[in-house]
There are 2 protein chains.
Amino acid sequence: MTKEYSIGQMSRRTGVKVTTIRYYESRGLIPSPGRTQGGQRRYDEAALERLAFLRHARELGFNLDDIAELMALAETPSEDCAPAYEIARKQLAAVDRRMTILAQLREELARMANADDPGHAGKCRVIEVLGDHRLCIGSHDLSDSRADLSGS
Amino acid sequence: MTKEYSIGQMSRRTGVKVTTIRYYESRGLIPSPGRTQGGQRRYDEAALERLAFLRHARELGFNLDDIAELMALAETPSEDCAPAYEIARKQLAAVDRRMTILAQLREELARMANADDPGHAGKCRVIEVLGDHRLCIGSHDLSDSRADLSGS
DNA sequence: CTTGAACCTACAGCCGCTGTAGATTGTATC
DNA sequence: GATACAATCTACAGCGGCTGTAGGTTCAAG
Ligand SMILES: [Zn+2]
Ligand SMILES: [Zn+2]
Ligand SMILES: [Zn+2]
Ligand SMILES: [Zn+2]
């Protein structure tokens, strides 16, 4: 008789919120676990490991589709791990792209926010720069990069 | 008689998609423009400038709430531009946070993806690392940072 | 006057969750 | 066994910032 975990215990052990665990199940990322007679989920050790894997992959920025593929690869250990490497490299490339963009933004923002506004003779530097891209140094043409820059 | 622009011309001139312009209007970020007898939107020069401002601010990663505030400040030029600077600095701090996190991720991913898998004696490095955070160097505890890391 | 591109509204869907409401179940204590 | 109360259940709406669809109307060129 192996150990069984309630969904709350799974949550505490992996750091994934209860609602999120149910969400993952509904998305098919983790298999539906067994249930008690009353209908509550009961997980085993294997389920715990899968969830930890999923959590870790999310922390590293993989999206749920890629994670599904990685988990499938993990379950079916093949001789060929090329697909897994490809996903990882794709993720690395995405992170690199976003870092490049963010670095440019940072520079612009720093120039904007740290300019010692000289008595703001009629104009505020921040507002001014936002109103006229020619006051920027670089270009932030994120049309193709699909960068998600939502802040705080 | 000033120039008038259709929504499509606004789109071409600012690079903001037609649907997005309508979305901004529905969110109250830009005022409802005049209409033709047939009901089509007609914008003036001022509207064009507001939209360009909005676009530029989005490119720099500001969220729509902050942009609304910045635009209000821009319309009502006060002696005190401190609020605008505060928003810009907040944005800068957010960008810095995200850069830090991404740099850590990048390192981990690079280690994972560039490891020359030595014949993968039973295990794939990528899968292995994802399954065990202890194989990581740093920590990626993004619990509070609200980092959005969606890739590609 | 006809064509066809551009425009209109309204609403659903994307990602990855998060939060709500209202009902039910599990467990510790008496 | 009864009682209390936390934990769990389902179903669904909402977040940000759009994007896409369907089905209709209007504008401007030829
Ligand atoms: Zn000023
Ligand atoms: Zn700029
Ligand atoms: Zn391998
Ligand atoms: Zn790790």
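Computed from a prediction, not measured in an experiment: that's the story for all the values here. So that the names make sense, note that chain A is the first sequence line, chain B the second, and so on, each numbered from 1.
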The side chain of [X] is closest to which nucleotide in this list: [options]?
| X | options | answer |
| --- | --- | --- |
| Tyr23(B) | dG16(C), dT8(D), dC18(D) | dC18(D) |
| Lys17(B) | dC18(D), dG19(C), dT19(D) | dT19(D) |
| Gln40(A) | dT25(C), dC17(C), dC27(D) | dT25(C) |

For [X] and [Y], work out which heavy atoms get closest and say how close.
| X | Y | value |
| --- | --- | --- |
| Leu70(A) | Val126(B) | CD2-CG1, 4.3 Å |
| Arg58(A) | Phe62(A) | NH1-O, 2.7 Å |
| Leu73(B) | Ala84(B) | CD1-N, 3.6 Å |

Ignoring backbone atoms, establish whether [X] has a side-chain N or O less than 4.0 Å from OP1 or OP2 of [N].
| X | N | result |
| --- | --- | --- |
| Thr36(A) | dG26(C) | yes |
| Arg58(A) | dC17(C) | yes |
| Tyr24(B) | dC18(D) | yes |
| Ser6(B) | dA6(C) | no |
| Thr20(B) | dT19(D) | yes |
| Arg55(B) | dG17(D) | no |

Rounded to whole Å, how long is the line connecting atom [atom1] of [X] with atom [atom2] of [N]?
| X | N | atom1 | atom2 | value |
| --- | --- | --- | --- | --- |
| Arg27(B) | dG14(D) | CZ | P | 12 Å |
| Gln9(B) | dC27(D) | CD | C1' | 12 Å |
| Leu29(A) | dC15(C) | CG | P | 12 Å |
| Tyr43(B) | dA6(C) | OH | C1' | 13 Å |
| Arg42(A) | dT8(D) | CZ | P | 7 Å |
| Arg41(A) | dA7(D) | CZ | C1' | 13 Å |
| Met10(B) | dC7(C) | CE | P | 12 Å |
| Leu64(A) | dT18(C) | CG | C1' | 14 Å |

**Item:** Overall bend - the helix from dC1(C)-dG30(D) to dC30(C)-dG1(D), comparing terminal axes fitted on five pairs, nearest 10 degrees
**Value:**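 The helix from dC1(C)-dG30(D) to dC30(C)-dG1(D) shows an end-to-end axis angle of 10°.
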I'd like to know if [X] and [Y] make a salt bridge, using a cut-off of under 4.0 Å between side-chain N and carboxylate O.
| X | Y | answer |
| --- | --- | --- |
| Arg22(A) | Glu25(A) | no |
| Arg55(A) | Glu59(A) | yes |
| Asp96(A) | Arg106(B) | yes |
| Arg89(B) | Glu86(B) | no |

**Asked** Donor-acceptor pair, His56(B) side chain versus Gly131(A) backbone, under 3.5 Å?
**Response**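 A pair under 3.5 Å: no.
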**Request:** Could you tell me whether Arg35(A) contacts a base, only the sugar-phosphate backbone, or nothing, with contacts defined as non-hydrogen atoms closer than 4.0 Å?
**Result:**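 The answer is sugar-phosphate, as Arg35(A) gets under 4.0 Å only of primed atoms, P, OP1 or OP2.
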**Asked** Is Arg22(A) touching bases, backbone alone, or none of the nucleic acid, heavy atoms closer than 4.0 Å?
**Response**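 Base, at least one base heavy atom under 4.0 Å.
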